[in-house]
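One structure below.
First the proteins, then the strands, lettered A, B, ... as listed; each starts at 1.
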There are 2 protein chains.
Amino acid sequence: MIKATIITIGDELLIGQTIDTNSAWIAQQLNILGIDVLRRVAVGDNYDDIYTAIDDEFAKANLLILTGGLGPTADDITKPLLCRYFNSKLVVNKQVEDRIMSIFQKRNLPMLERNLKQAEVPDNCEILPNSAGTAAGMWFEKDDKVLIALPGVPHEMKTIMQEHGLIKIAHTFISETILHKTMLTAGVGESFIAEKIADIEQELPPYIKLAYLPEYGMVRLRLTAKGQDEVALYSALNKYFNAIINRLGMIVIAHEDLTMPQLVVRELIQRKKTIALAESCTGGLLGHLLTQEPGASAAFIGSVVAYSNEIKTNILKVKASTIQTYGVVSEPTVREMVHGILQEYQTDYGIAISGVLGPGGGTDRVQVGTVCIAVGNNERKFTKTFKFDKDRTLNKDLAAKWHSYCCGNC
Amino acid sequence: MIKATIITIGDELLIGQTIDTNSAWIAQQLNILGIDVLRRVAVGDNYDDIYTAIDDEFAKANLLILTGGLGPTADDITKPLLCRYFNSKLVVNKQVEDRIMSIFQKRNLPMLERNLKQAEVPDNCEILPNSAGTAAGMWFEKDDKVLIALPGVPHEMKTIMQEHGLIKIAHTFISETILHKTMLTAGVGESFIAEKIADIEQELPPYIKLAYLPEYGMVRLRLTAKGQDEVALYSALNKYFNAIINRLGMIVIAHEDLTMPQLVVRELIQRKKTIALAESCTGGLLGHLLTQEPGASAAFIGSVVAYSNEIKTNILKVKASTIQTYGVVSEPTVREMVHGILQEYQTDYGIAISGVLGPGGGTDRVQVGTVCIAVGNNERKFTKTFKFDKDRTLNKDLAAKWHSYCCGNC
């Protein structure tokens, strides 16, 4: 059984200046390979603390992934430490040196002594080239265990892992074939689904596992099959995947592993349809989510963020009487906001959101946490009212992400 | 010397489903109290793994903060484990029980057996009440060391810490007075500032420390004074704080610890001015950032997210000839976008952003990572072109956050 531990290095993690997103990403990738992460540990830029952490964790795990401590200024600690731990010495690696020199030439920047020092690596590690930056990844082996050291900058770490690290990990540790198939459901909870497919789940052979991955109005179902015979695995996996899809029917909104924004954008592009948003309380968050994926511009035209009521009435043409009668946070208002954005931006579909996120702003009629969402086109509109009872930040996040529920229903 | 370690519990952290934001928040709060965080450790919902982690870390630190493992479903592991570790037994706590029952009454929800089980707590801990949820915080003492167990839901954890935990930590561990003063600078780097105030920094007495906290186009400077005589500390802190402000001049944009969106919104409200945005590549992210703070509606009216060129020309009235001559990512274009949003939304100020975030979309004239920003009013506009060379997500984040540089210059 392969057990991995992730160690992140950096004072910025211990004073809370940086939120550690690297660990979650690495854990996800290892999880897909079927490797369990046992622990995650963060330590500061301190020689003894790093050394102790590596030594302790290497005793518990057989794959150790280190991120951080490899930048041009932090180099001084981690690399000599790895040399001591793996009983090696620093040597200039020509491949890394060439790479660093070409980057500085391309950027037309003067190269400092400390930049070239990044080309020095322990002589008994294998280089994992970094096509996104100057600090190379390093692969060490000791007693049938592996330690990978990576830079802490997220996009450099990810590039190295995607281009080299994960492939090498799979090659070294995974003897079985692992297949995944994921579907996305919307509008119902985990326990509802579990009940609905209880008999299929019980019937699953021991080499196929089902994971429920719930998030905002959606549940992702992932089937994972492990074994030697790839053809048989594939066929068994498909059989149970299709059985679940048939059982769940309409609530399955994608037969692939997509995020909701990816799905919305892709469906629209496939149908050659466009969309625009009318956001109030979310301030632009939903537009931000829809444009996280490259290529969104083929379907997403733009938004009117109508934070003030004047923009709702002047630009989106919501009737003053509607706001007066039903309130600015109401289904009739968001319905008219959808109508308004369809007229203003001339798109096929529109989504509108209006709510009270808190902490202030609640009234007898509309409590803090109330959010109304409408989705639709010129012919048909679906509206729904949600009551979230979290803090402002989370209410906002929920308001933007629950559009999935509405899109799933539309 | 007080050393703290944060342990986060939950399988969702080890499969990468959840990004751990709790640790960063706790670390920040402890840092403000002058308490160093030694390590952060994440383990899964496994009895032995949690027990070992607590035992190991309690040997290294004198303050251990645990988050997670206290929900109605995960309860079964952590509480019995804490009972064993602290040699106690579970008893129903009347205060917690009343709290849980009143929550369910208020929400008009049926109460399950497992909800009431949350009222059972080890008999030798002190309760840290949870006014945001059902799982109470717990404070244990052993051999002059403290362990605090908190629920993992971020807003519940924060509420307990802010209302009880941090005060009790300060009371227990901090014998000295600690004072902070923070200023915000924009437009120059950390090393530039360090050089400019080198003599003041050298002159600082040993009981006053200066921290540089850099982020997107800004550097936060925090002076921390520790000692017994509060009046003398306050006076010394003020003296050096003012000396730095006088030396740095115009680049200091706030004499307080504010985020840039907080500052922008507050300055506008104080001056009774309004603002609207014209966002292209950021898709709504800047509007989202400006509306993170409650009360933003007093200054922020709304945005036009002009993701397509048609919205730029039809709604924001950017001249087709400007786009043709200079390109859609150009200073003339964002200048006209500011003009357009000022006309369309009738605000005092406007900010416009247009860029190519990648991975595709670059041309010979405009490379991926190029972002143009304009800030201004009807009389005066400041424009600037940035070249970011990160991945799409980070380029977008930088594009939205560097508006601070432009606002600082406007």
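In terms of heavy atoms, A:Pro294 sits closest to B:Gly358 at CB-O, 4.3 Å. Pairing each heavy atom of A:Thr282 with each of B:Thr291, the nearest pair is O-OG1, 4.2 Å. Between B:Val304 and A:Tyr345, the shortest heavy-atom distance links the atoms CG1-OH, 3.3 Å. Closest approach of B:Asp20 to A:Ile19, counting heavy atoms only: O-CG2, 3.9 Å.
Residues A:Tyr307 and B:Leu277 have side chains not in contact (no heavy-atom distance under 4.5 Å, counting atoms from C-beta outward). Between B:Gln292 and A:Arg392, the closest side-chain pair of non-hydrogen atoms is not below 4.5 Å.
Heavy-atom pairs under 4.5 Å with chain A were tallied for B:Thr393, B:Ile6, B:Ile315; the largest tally goes to B:Ile315. Between chain B and the options A:Leu13, A:Val43, A:Ile7, heavy-atom pairs under 4.5 Å are most frequent for A:Leu13. Between chain A and the residues B:Gly361, B:Gly283, B:Ala132, the largest count of heavy-atom pairs under 4.5 Å involves B:Gly283. Of all the listed residues (B:Leu38, B:Leu213, B:Ile26), the one sharing the greatest number of non-hydrogen pairs under 4.5 Å with chain A is B:Leu38. Comparing B:Ala24, B:Ala27, B:Ser303 by how many heavy-atom pairs each has under 4.5 Å with chain A, the most go to B:Ser303. No other option in A:Asn31, A:Ile301, A:Leu357 has as many heavy-atom pairs under 4.5 Å with chain B as A:Ile301. Residue with the most contacts toward chain B among A:Val37, A:Thr21, A:Asn309, A:Asp11: A:Val37 (heavy-atom pairs, distance under 4.5 Å).
Rounded to the nearest 0.5 angstrom, B:Leu285 CG and A:Leu289 CG are separated by 9.5 Å. From A:Arg40, atom CZ reaches atom CZ of B:Arg40 across 8.0 Å, with rounding to the nearest 0.5 Å. Rounding to the nearest 0.5 angstrom, the gap separating the CD atom in A:Glu310 from the OG1 atom in B:Thr274 is 10.5 Å. Rounding to the nearest 0.5 Å gives a distance of 12.0 Å between OG of B:Ser308 and CD of A:Gln346.
Looking at A:Ile311, only its side chain comes within 4.5 Å of chain B, counting heavy atoms on both sides. Interface remark: A:Ala211 contributes no atoms to any contact with chain B (heavy atom separation under 4.5 Å). Looking at B:Ala4, neither its backbone nor its side chain comes within 4.5 Å of chain A, counting heavy atoms on both sides. Only the side chain of A:Asp56 comes within contact range of chain B, with heavy atoms under 4.5 Å apart. Looking at A:Arg39, the atoms closer than 4.5 Å to chain B (heavy atoms on both sides) sit in the backbone and in the side chain alike. With a threshold of 4.5 angstrom between heavy atoms, A:Ala296 approaches chain B through its backbone and through its side chain. When heavy atoms are compared at a cutoff of 4.5 Å, A:Ser297 approaches chain B by way of both its backbone and its side chain. Both the backbone and the side chain of A:Glu344 have a heavy atom closer than 4.5 Å to some heavy atom of chain B.
With respect to B:Lys60 and A:Asp49, no salt bridge is recorded, no charged nitrogen being found less than 4.0 Å from a carboxylate O.
Using cut-offs of 30° and 60° for the angle between ring planes, the B:His288 and A:His288 rings count as parallel.
Applying the 6.0 Å contact sphere to CD of B:Gln28 captures more than 12 heavy atoms from other residues, nucleotides or ligands. Atom CD of A:Gln367 has 12 or fewer heavy atoms from other residues, nucleotides or ligands within 6.0 Å.
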